[in-house]
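Report on the structure given below.
Atom set for the values below is all heavy atoms of this structure, side chains included, hydrogens, waters and symmetry mates excluded.
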Amino acid sequence: MARFEHVSGNTGCLYLRGNCIPVYCMSEKEWIIMDSGSRYDREELIRFLGENAIRVKAVLTSHAHYDHVGNHALLQEMYGCECVMSAFDAGALRDTVALKSCFYSCTETEIRNHFSDMVCRADRLIEDGAGEIMVSGIQFQVIGMPGKADSQGGVMTAETVGTLGGGRRGESRAR
């Protein structure tokens, strides 16, 4: 069952069955989220947002892995939220052919059948070397963190709470 946990200031974490999604609360009912989980988290995520009348204003993308971007397109459709990501991720997520850059050992048919939910549209790019970015009127510091993925990044809020890439339970960190 989904639950929200306050971390500090306006920052918290939405814990789902298999994922932890860092959240910046613009208000009680308007959120900026970092990553959106996987299709396996979809029902739980949408139910939590609906039951709590929360509107997603933007999604900041840490990197193009299935457990981080699986609900971006759905959130864009449902809320009209802005999707913000690196140019590398925007290119990789534009269609199933481009997803081959993430799943080089899979055929295009396998990608279409198992990962097409990752396909989404970038509304805005985080420029290479950007030290900060304004999202929905909120200033975030950008933290480059290549390692797990070439484009992986994190953000730091005004309260100096950092989110380090979202993901499977135990993988996300908000400090």
Side-chain angles (χ1 to χ4, degrees), residues 1-86 89-90 93 115-126 132-143 145 148-149 152-175:
M1 181 170 171
R3 70 179 170 82
F4 175 78
E5 185 176 305
H6 178 258
V7 174
S8 179
N10 293 350
T11 308
C13 230
L14 177 59
Y15 291 95
L16 305 173
R17 179 187 56 224
N19 242 330
C20 170
I21 298 175
V23 171
Y24 184 88
C25 303
M26 298 172 61
S27 70
E28 186 179 329
K29 301 295 181 184
E30 290 189 316
W31 286 4
I32 297 170
I33 64 175
M34 183 161 185
D35 296 335
S36 65
S38 75
R39 67 176 172 255
Y40 305 113
D41 302 309
R42 182 170 296 148
E43 187 177 309
E44 190 177 14
L45 172 65
I46 298 308
R47 183 176 35 251
F48 181 89
L49 295 172
E51 287 174 356
N52 292 282
I54 295 166
R55 179 170 168 71
V56 177
K57 297 292 286 183
V59 180
L60 284 164
T61 307
S62 67
H63 61 289
H65 282 174
Y66 82 95
D67 57 331
H68 297 259
V69 300
N71 297 305
H72 279 32
L74 178 66
L75 294 173
Q76 284 177 303
E77 182 182 315
M78 289 179 67
Y79 298 103
C81 65
E82 179 180 42
C83 234
V84 182
M85 63 184 72
S86 72
D89 291 336
L93 298 171
F115 303 107
S116 61
D117 54 320
M118 292 175 63
V119 173
C120 62
R121 175 192 81 252
D123 296 305
R124 191 153 46 109
L125 300 179
I126 300 172
E132 50 190 40
I133 189 165
M134 183 78 72
V135 179
S136 296
I138 307 298
Q139 188 78 29
F140 293 92
Q141 180 183 350
V142 177
I143 306 165
M145 300 171 41
K148 185 173 124 178
Q152 183 171 357
V155 295
M156 180 100 50
T157 67
E159 297 101 3
T160 64
V161 175
T163 61
L164 310 179
R168 291 183 301 278
R169 213 180 254 284
E171 186 178 293
S172 287
R173 302 289 183 265
R175 303 203 200 262

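Heavy-atom minimum distance, L93 versus M118: CD2-O, 3.5 Å. Heavy atoms only, all atoms of each residue included: E28 and I54 are closest at O-CG1, 4.1 Å. Contact record, G9 with H6: O-NE2, 2.8 Å, taken as the closest heavy-atom pair. Shortest non-hydrogen contact noted between L16 and A2 is CD2-CB, 3.6 Å. Among all heavy-atom pairs drawn from T61 and H72, the shortest one is OG1-NE2, 2.8 Å. Closest approach of I46 to M78, counting heavy atoms only: CD1-SD, 3.6 Å.
Although no hydrogens or angles enter the test, the distance criterion places a donor-acceptor pair under 3.5 Å between the side chain of N19 and the main chain of D67. Between the side chain of S38 and the main chain of Y66, no donor-acceptor pair closer than 3.5 Å is present. Within the 3.5 Å criterion, the main-chain N or O of Y40 finds a donor-acceptor partner in the side chain of R17.
Between L49 and V56, the closest side-chain pair of non-hydrogen atoms falls below 4.5 Å. The closest side-chain heavy-atom distance from D89 to V69 is not below 4.5 Å. Contact annotation: the side chain of C120 approaches that of M85 to within less than 4.5 Å [non-hydrogen atoms, C-beta and beyond]. With contacts defined as side-chain heavy-atom distances shorter than 4.5 Å, the pair L14/L45 qualifies. Two residues are said to be in side-chain contact when any heavy atoms from C-beta on lie closer than 4.5 Å; F4 and C25 meet this criterion. At least one side-chain heavy atom of I32 sits under 4.5 Å from a side-chain heavy atom of F140.
With sequence neighbours left out, the side chain to side chain contact (heavy atoms under 4.5 Å, CB included) criterion links R124 to E82, V84, I133, V135.
The line from CD1 of I138 to NZ of K57 is 10.5 Å long, rounded to the nearest 0.5 Å. With rounding to the nearest 0.5 Å, the separation of CE in M1 from CD in E44 is 9.0 Å. Annotation: the span from I126 atom CD1 to S62 atom OG amounts to 9.5 Å, rounded to 0.5 Å. Interatomic distance, CD1 of I21 versus SG of C13, reported as 8.5 Å (0.5 Å rounding). Distance SG/C81 to CD/E30: 12.0 Å, rounded to 0.5 Å. Expressed to the nearest 0.5 Å, how far CG of N71 lies from CG of D35 amounts to 10.5 Å.
Enclosure of atom CD in Q139 by more than 12 non-hydrogen atoms of other residues, nucleotides or ligands within 6.0 angstrom is indicated.
Cation-pi geometry between R55 and Y79 is not met at under 6.0 angstrom from the ring centre and within 45 degrees of the axis.
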